[in-house]
Amino acid sequence: MDRSRAGGDDDITGAPGSLDAATAPIRPAASTSLPGTGSVPSPLWKHALNCHRMKPALFSVLCEIKERTALSIRGIQEEDGPDPQIMRLDNMLLAEGVAGPERGGASAAAAVVAAAAGGSPGEGNVEHSEYKEKLAQIRRMYHAELEKYQQACNEFTDHVMNLLREQSRTRPISPKEIERMVGIIHRKFSTIQMQLKQSTCEAVMILRSRFLDARRKRRNFSKQAAEILNTYFYSHLANPYPSEEAKEDLARKCSITVSQVANWFGNKRIRYKRNVAKLQEEANRYAVKTAVDAASVSSQASQANSPATPNSGGYPAQCYTPDGRL
DNA sequence: CTGCATGATTTATC
DNA sequence: GATAAATCATGCAG
């Protein structure tokens, strides 16, 4: 009826059953006195209390009070079960390779890199390692913190349990209550853990977005690379669709990736088609260049009159789609 | 600052 | 999956 205490269920210090006494000694100043240091001879005091002739009477009074207040404890069922939010965070961290078994964070990083770079192997190595390193850093911090929390939680739980067990000799404390107390402590720590997980997720997201943004960072190819690509394009104007091997070769020569070569040809084809007239001049320039190159080669192979590259004669400037498309 | 060039991405199509 | 076409975003000369 008359509840003197209105402490919330999750409030450790205000928990029903008056556990302030249990938690109070957590504070350093009140820790059980060590021999020679404490001004209060605690063991002696406890002994005196336990042996006091009024102790059984006191104990029964406490039992009675408890009996009355126990009603407030019942009816508060522990809503246990995994928190959906924490599960979500766990899954996220697992997917990013931060949580879960050690795998160097590499697979997740690799997946992100592959998605960002277009999937070709061997590209984006610099960014890849940078991303990997950053992710590993986050991972290390996360695990260190998690372990710290876990340890702190265990220590605190042990401490509180010992205290309660100790106190149960003086006042009535059922094992159920201790269990409840442990539950409360664990919930408290799990909210702290959730904060850690949340901020870790945020860190990963920030890293990820920064990394993915970087892929849009455009750097013009070197003059030499542009030269090589243009030479190939204009000498294959009738069919400017390099084979896979040709792309690899060009990529090697230009120090770019195969997908960059594919991008370049895609852009070049469409832009050439869009502006044939203007690019015709460029086409002529590269035609001359190819012819000169070919001439210098063929001057050794006396009567070879076809240039080093096929289709370099005509510059049709249109209708080059391989499958009839335009 | 502006406009164009250009590499990358997205979307639709085959 | 490769490509065309449109679009985005940046680099860079003027």
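First the proteins, then the strands, lettered A, B, ... as listed; each starts at 1. Model, not experiment: these values are computed from the prediction.
Comparing C:dA2, B:dA8, C:dA4 by their nearest atom to the side chain of A:K273 picks out C:dA4. Here the side chain of A:Y241 is nearest to one of C:dA5, C:dT3, C:dA2, namely C:dT3.
Pairing each heavy atom of A:F265 with each of A:P242, the nearest pair is CD2-CD, 3.7 Å.
At whole-Å resolution of the value, CZ in A:R269 and P in B:dT6 are 17 Å apart. A straight line from CG of A:N263 to P of B:dT9 spans 7 Å, rounded to a whole angstrom. Regarding A:K223, its NZ atom lies at a distance of 10 Å from the P atom of B:dT6, rounded to whole Å. Taking atom CD1 of residue A:I270 and atom C1' of nucleotide C:dA2, one finds them 14 Å apart after rounding to whole Å. The interatomic distance linking A:I256 (CD1) with B:dA8 (C1') rounds to 12 Å, in whole Å. For the pair A:N239 CG and C:dA4 P, the computed distance is 10 Å after rounding to whole Å. Separating the CZ atom of A:R219 from the P atom of C:dT10 is a distance of 13 Å, rounded to the nearest angstrom. Across the protein-nucleic acid pair, A:F221 atom CZ and C:dC12 atom P stand 13 Å apart, rounded to whole Å.
A salt bridge does not link A:E177 to A:R180: none of the charged nitrogens lies less than 4.0 Å from a carboxylate oxygen.
One can find a donor-acceptor pair under 3.5 Å joining the base of C:dT7 and the side-chain atoms of A:R271. Between the side chain of A:N220 and the base of B:dA5, no donor-acceptor pair under 3.5 Å is found.
Mapping A:N267 and A:E244 onto DNA chain C by nearest heavy atom places A:E244 closer to the 5' end of the strand. Map A:R274 and A:A262 each onto its nearest nucleotide of DNA chain C; the residue landing nearer the 5' end is A:A262.
In terms of phosphate contacts, A:Q260 brings a side-chain nitrogen or oxygen within less than 4.0 Å of OP1 or OP2 of B:dA8. Taking 4.0 angstrom as the limit, A:K268 places none of its side-chain polar atoms (N or O) nearer than this to OP1 or OP2 of B:dG7. The shortest distance between the side-chain N/O atoms of A:K247 and the OP1/OP2 oxygens of C:dT3 is below 4.0 Å.
Panel note: side chain A:H143, backbone A:V98; a donor-acceptor pair is recorded below 3.5 Å.
By the rule that hydrophobic residues join a cluster once side-chain heavy atoms approach within less than 4.5 Å of another member, A:M181 and A:F156 end up as members of one cluster.
The ring of A:Y272 has its center closer than 6.0 angstrom to the ring center of A:Y234.
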